[in-house]
Amino acid sequence: MNVAENFRAVLAGIEDARQNRTVAPDEKIILLVVTKNHGVESIREAVDAGATDIGENRVQEAAEKFPALERNVTRHLIGHLQTNKVKPAVKLFDVIQSLDSVHLATAIDKAAASLNKIQDVLIQVNAAREPQKSGVLLEDFNALINFVDAAKNLRLRGLMMIAPNFPDVEQCRPLFRQMRTLFDELKPARTCFDLLSMGMSNDYKIAVAEGANVVRVGTAILGSRNQV
Ligand SMILES: *Cc1c(COP(=O)(O)O)cnc(C)c1O
């Protein structure tokens, strides 16, 4: 498993997919390396290969790994966040991508205020309406974004979506497109609203073609996940 080689291959894949883009063809696209269930050594390899952004799913795992990671890198929380883990999450992460309820937004805002921090967040949308999956449903979206816009210690940076595991990956395309449309509607009224996080190892090319500007790639760069 050559992490640097894999990282470069995914970067090349992103540039290929950019050729099929209709929206914002020259936009900066961030390759976020998903490091969950990989040790600190693998994270260092990815960062040394050029990764600027990493993603973790669990607060506890990040708390164990981040102190040993002396590299300068932007840290994203991409997994579901429970309210009892909010304070350590605000301490550990530059961006919380999994904000999906007013209840959670209230807790993050409060924790950020107590730590004198403005916390960058993305709203996670359950665009496919999958039961049991995280993410706000579109009918609840307006109430949530209004809350986040007004919250003093939250800065809304954009949107996040996890596509379902469709039998045919092409089925993701309309969902990615729908998210980009929503993103472009919301962007003009906001100052720092710049991140649309969607696409993983199996579908990142389709996501990029449809307007993702953050792709979250784990397996294609670091290989299959160990249990740590
Ligand atoms: C694990 C995970 C990824 C990465 O998935 P791969 O298929 O390994 O690329 C991306 N996003 C989220 C939210 C994840 O939990």
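When a ligand or atom number is given, it counts from 1 through the structure's own listing order. Sequential numbering from 1 along the given sequence is applied to the chain's residues.
Residue Thr219 approaches ligand 1 through these ligand atoms, each under 4.0 Å from one of its heavy atoms: 6 (P), 7 (O), 8 (O), 9 (O). Set against the non-hydrogen atoms of Asn57, the atoms of ligand 1 under 4.0 Å away are 14 (C), 15 (O). Within ligand 1, counting atoms from 1 as listed, the ones closer than 4.0 Å to a heavy atom of Val217 are 9 (O). Each of the following atoms of ligand 1 lies closer than 4.0 Å to a heavy atom of Gly218: 4 (C), 6 (P), 8 (O), 9 (O). Residue Arg216 approaches ligand 1 through these ligand atoms, each under 4.0 Å from one of its heavy atoms: 4 (C), 9 (O), 10 (C), 11 (N), 12 (C), 13 (C).
Note that Arg157 lies outside the cation-pi zone of Phe193, set by a 6.0 Å cut-off to the ring centre and a 45° limit from the axis.
Residues passing the side-chain hydrogen bond (donor to acceptor under 3.5 Å, both in side chains) test with Arg44, sequence neighbours excluded: Glu41, Glu70.
Using a cutoff of 4.0 Å between basic side-chain nitrogens and carboxylate oxygens, Glu61 and Lys36 are not scored as salt-bridged.
Between Ser224, Gly199, Ser201, it is Ser201 that holds the heavy atom closest to atom 6 (P) of ligand 1.
With respect to atom 2 (C) of ligand 1, the closest heavy atom belonging to the protein is Lys36 NZ, 2.6 Å. Shortest contact from atom 12 (C) of ligand 1 to any protein heavy atom: Ile78 CD1, 3.5 Å. Nearest protein heavy-atom neighbour of atom 10 (C) of ligand 1: Met200 SD, 3.2 Å.
Within the 4.5 Å cutoff, the side chain of Arg75 has heavy atoms near those of the Ile54 side chain. Within the 4.5 Å cutoff, the side chain of Arg18 has heavy atoms near those of the Ile29 side chain. The closest side-chain heavy-atom distance from Phe166 to Asp203 is not below 4.5 Å.
The number of heavy atoms from other shown groups lying within 6.0 Å of CG (Asn84) is above 12.
In terms of polar-atom proximity, Ala220 is not counted as a contact of ligand 1, lacking any N or O under 3.5 Å from an N or O of the ligand.
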Below 3.5 Å, can you tabulate the donor-acceptor pairs from side chains in residues 146-156 to any protein atom, sequence neighbours excluded?
unit_1: Asn146; atom_1: ND2; unit_2: Asn142; atom_2: O; d: 3.2
unit_1: Asp149; atom_1: OD1; unit_2: Arg190; atom_2: NE; d: 3.1
unit_1: Asp149; atom_1: OD2; unit_2: Arg190; atom_2: NE; d: 3.2
unit_1: Asp149; atom_1: OD2; unit_2: Arg190; atom_2: NH2; d: 2.6
unit_1: Asn153; atom_1: ND2; unit_2: Lys117; atom_2: O; d: 3.0
unit_1: Arg155; atom_1: NE; unit_2: Asp120; atom_2: OD1; d: 2.7
unit_1: Arg155; atom_1: NH2; unit_2: Asp120; atom_2: OD1; d: 3.1

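By the 4.0 Å heavy-atom criterion, Ile162 is counted among the residues contacting ligand 1.
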